[in-house]
Amino acid sequence: GAAVTTPWPTIRKTPGERAQANLKNYEAATSRFRWEAARAELAGLPGGGLNIAHEALDRHIQAGGGARLALRWIGRDDQVREFTYAELAAQANRFASLLSSLGVKKGERVYSLLGRAPELYFAALGTLKAGAVFTPLFSAFGPEPIRARMEIGEANVLVTSEALFRRKVEAWRGEVPSLRHVLLAGCAGDPPSGALALEPALAGASPTFETERTAPEDMALLHFTSGTTGRPKGAIHVHEAVVAHHITGRTALDLRPGDTYWCTADPGWVTGTSYGIISPLTNGVTLVVDEAEFDTERWRRILREQAINVWYTAPTAVRMLMKAWSQDPRPYEAPALRFMASVGEPLNPEAVTWGVEAFGRPFHDNWWQTETGGIMIANLASMDVKPGSMGRPLPGVEAGVVERSPDGSVREIDKPMAMGELALRPGWPSMMRGYLHEEARYRKCFADGWYLTGDLAMRDSEGYFWFVGRADDVIKSSGHLIGPFEVESVLMEHAAVAEAAVIGLPDPVAGEVVKAFVALKAGFEAGEALRRDLLGHARKRLGAAIAPKDIAFRQNLPKTRSGKIMRRLLKARELGLPEGDLSTLESEER
Ligand code: ATP
Ligand code: MG
């Protein structure tokens, strides 16, 4: 490995902070953890059944908590709608009753294509109650990605808005044979032929519904991956996953009943479902949902006015807030804020410590994937934070750094800070049960008792994991293995840099050479002088062998709609190669 000594000091937790955290002692909690005990905290259904929506809603109502606030929705125009657990359950029941009156059967597929509207939450929970399978799509997808995902997953029902339907679906609706029902929110007049207006249908449906007695291994969710490395895969998740959603919300996000919690991820991605709907509700918190897109001032206001206790966001958002801060460093007023976490991409040490400056507390990075269904590695509230590290495996999760041999066998590398593939011992409840229609690809993820994640990492002597890069993104230069994250984080240390992405380009001598793409903060001029300054800074910090040979300035970096930098696209463009699957690419104007 080529680890650079990090100049970022460990952020120590005080005894008081440790004592307050849900999980107070990592070692003790890890040694006594059992998934069966976590499962026993949930209610289950008669006959050994288990249903995610039952655990998220009805369990609280049966325990007398129906009057607690479940969802506070803030519209784009600042209109607020609130739903108690009992009210949210009634809405979910209406949706489930509607599905049942349409003849939708257990195991059939319900897709949503909606902005962050309350109906999205009714549909997600109602679908699960009805025993059908829920697949959320990001509302900003274009017609082709929508159609492709509906064909792969054989969608039976689509819940969307009239506007999205007209723009993106109507032209090909008749060509997807599995699609029997289209439910449209916000119909101005009569719905288009073959579609049903959602609000009147819900109003006419029964607010009581007996939750389908799903079995723990019944399919509940179909989630498509972000498409960062290639064509998105459809990961199958079952009702049993709720055991992991529930317990990891408490350990990794420090959620407590009665908390006000804000997850900024869209339910079109797995984070916005596992931790934007399911986990907060099973933990009895009030979920704040903002319909609007990212906006610095708006986010400031939400953190303050909504009195957010726990905030779960993503590195891209943090970097955008930092960029604004460089112009206007006003401390955030968020007196209720207790815990801040981030996921989705490596969180640069710069961003972790900026949290302390701006909020008085660090961002806690955590790591997981669509495939793992829930958080696997995390910086916990009671743990010292080493900026740049993803933290330690959660209780119940065994992680290792492994090496694949040419014969396909896999062995663990036990040396501290040795680089290898991040692997997990299968067995946690929210692990995917397959890639839909891609059995071979699924099987290839496993060897010698490990699930291989496709990410490279290192583990230090205290058990903290350090992300190196995706296996596809790692650069081999003159005998060095270079992880893009390390180089990007060093570039981020420079006052001018708002975002950085690093790729390897073929080179006849070195094998590959490092090239960096950089977006600047306001007030800095792209040009030769700055390029030389950045190259000098990188060489000083990383050494000439690892530092970029070239730096290009960009207004913005290409990202997926879930906010991940698409290094493969930068590379394809640089080399004049085909751009590959761009279905999840966010428009680059932003
Ligand atoms: P695809 O698999 O389609 O290429 P994707 O891997 O980006 O897309 P997701 O499942 O949404 O799809 O993302 C999981 C990946 O995101 C992880 O494998 C890892 O590469 C990255 N990631 C998530 N959290 C972190 C983190 N805390 N630090 C570093 N990387 C992270
Ligand atoms: Mg992936």
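Note that the structure is a prediction, hence the values are computed from the model and not measured. All ligand and atom numbering here is 1-based and tracks the order in the structure. The basis for the numbers below is simple: all heavy atoms, side chains too, and nothing from hydrogens, waters or symmetry mates.
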K.L.:
Which is closest to atom 6 (O) of ligand 1 in terms of heavy atoms, Arg568, Met376, Arg470?
P.N.:
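Among Arg568, Met376, Arg470, the closest heavy atom to atom 6 (O) of ligand 1 belongs to Arg470.
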K.L.:
Could Asp254 and Arg338 be called an ion pair, given the rule that one side-chain N must be under 4.0 Å from one carboxylate O?
P.N.:
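Yes.
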K.L.:
Between Thr453 and ligand 1, find which residue part has any heavy-atom pair under 4.0 Å and reply side chain, backbone, both or neither.
P.N.:
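It is neither part, as no heavy atom is under 4.0 Å.
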K.L.:
Would you indicate which of His364, Lys564, Gln369, Glu345 comes nearest to atom 13 (O) of ligand 1 when only heavy atoms are counted?
P.N.:
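That would be Lys564.
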K.L.:
Closer than 4.0 Å to some heavy atom of Gly344 - which atoms of ligand 1 meet that?
P.N.:
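Those atoms are 16 (O), 21 (C), 22 (N), 23 (C), 24 (N), 25 (C), 31 (C).
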K.L.:
Any idea which atoms of ligand 1 are less than 4.0 Å away from a heavy-atom of Pro346?
P.N.:
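Counting atoms of ligand 1 from 1, those under 4.0 Å from Pro346 are 28 (N), 29 (C), 30 (N).
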K.L.:
Is the shortest distance from a Lys or Arg side-chain nitrogen in Arg433 or Glu240 to a carboxylate oxygen in the other one below 4.0 Å?
P.N.:
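No, this pair does not count.
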K.L.:
Heavy-atom distances under 4.0 Å decide this one: backbone, side chain, both or neither, for Phe467 against ligand 1?
P.N.:
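The part of Phe467 near ligand 1 is the side chain, not the backbone.
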K.L.:
I'd like to check which ligand 1 atoms, numbered from 1 as shown, lie under 4.0 Å from a non-hydrogen atom of Val343.
P.N.:
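This gives 24 (N) as the contact atoms.
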K.L.:
Less than 4.0 Å between a side-chain N and a carboxylate O, is that true for Asp414 and Arg459?
P.N.:
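A salt bridge links Arg459 with Asp414.
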K.L.:
Using heavy atoms and a threshold below 4.0 Å, how should the contact between Thr370 and ligand 1 be classified: side chain, backbone, both, or neither?
P.N.:
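Both parts.
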K.L.:
Which atoms of ligand 1 have any heavy atom of Asp455 under 4.0 Å away?
P.N.:
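Heavy-atom distances to Asp455 below 4.0 Å select 17 (C), 18 (O), 19 (C), 20 (O).
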K.L.:
Quick check: Tyr275 with Trp269 (ring centres under 6.0 Å apart)?
P.N.:
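No.
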K.L.:
Counting N and O atoms only, with roles assigned by atom type, does the side chain of Glu345 sit under 3.5 Å from a partner on the main chain of Lys564, one being a donor and the other an acceptor?
P.N.:
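Pair absent, no side-chain N/O of Glu345 close to backbone of Lys564.
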K.L.:
Measuring from non-hydrogen atoms of Trp368 to any atom of ligand 1, is the shortest distance under 4.0 Å?
P.N.:
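True for this residue.
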K.L.:
Any donor-acceptor pair under 3.5 Å linking the side-chain atoms of Ser583 with those of Arg149?
P.N.:
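A donor-acceptor contact under 3.5 Å links the two side chains.
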K.L.:
Check ligand 1 against Asn366 and write out every atom of the ligand that is under 4.0 Å from a heavy-atom position of the residue.
P.N.:
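That gives atoms 24 (N), 26 (C), 27 (N) of ligand 1.
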K.L.:
Under a 4.0 angstrom heavy-atom cut-off, which atoms of ligand 1 come close to Thr228?
P.N.:
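This gives 1 (P), 3 (O), 4 (O), 5 (P), 7 (O), 8 (O) as the contact atoms.
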K.L.:
Give a yes/no verdict on whether any heavy atom in Asp365 is under 4.0 Å from an atom of ligand 1.
P.N.:
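True for this residue.
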K.L.:
Between ligand 1 and Gly227, can you find any atom pair, the residue atom being a heavy atom, that is separated by under 4.0 Å?
P.N.:
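So Gly227 counts as touching ligand 1.
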K.L.:
What I want to know is whether Thr225 and ligand 1 share at least one N or O pair that is separated by under 3.5 angstrom.
P.N.:
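Yes: some nitrogen or oxygen of Thr225 is under 3.5 Å from one in ligand 1.
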K.L.:
Any carboxylate oxygen within less than 4.0 angstrom of a Lys/Arg side-chain nitrogen, looking at Glu586 and Lys559?
P.N.:
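No salt bridge links Glu586 with Lys559.
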K.L.:
Could you check whether any side-chain N or O of Lys476 sits under 3.5 Å from a backbone N or O of Gly511, counting only pairs where one atom can act as donor and the other as acceptor?
P.N.:
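Looks like no, no N/O pair under 3.5 Å.
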K.L.:
Return yes if a side-chain donor-acceptor contact under 3.5 Å exists between Ser226 and Ser562, otherwise no.
P.N.:
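Looking only at side-chain atoms, Ser562 and Ser226 do form a donor-acceptor pair, the distance falling under 3.5 Å.
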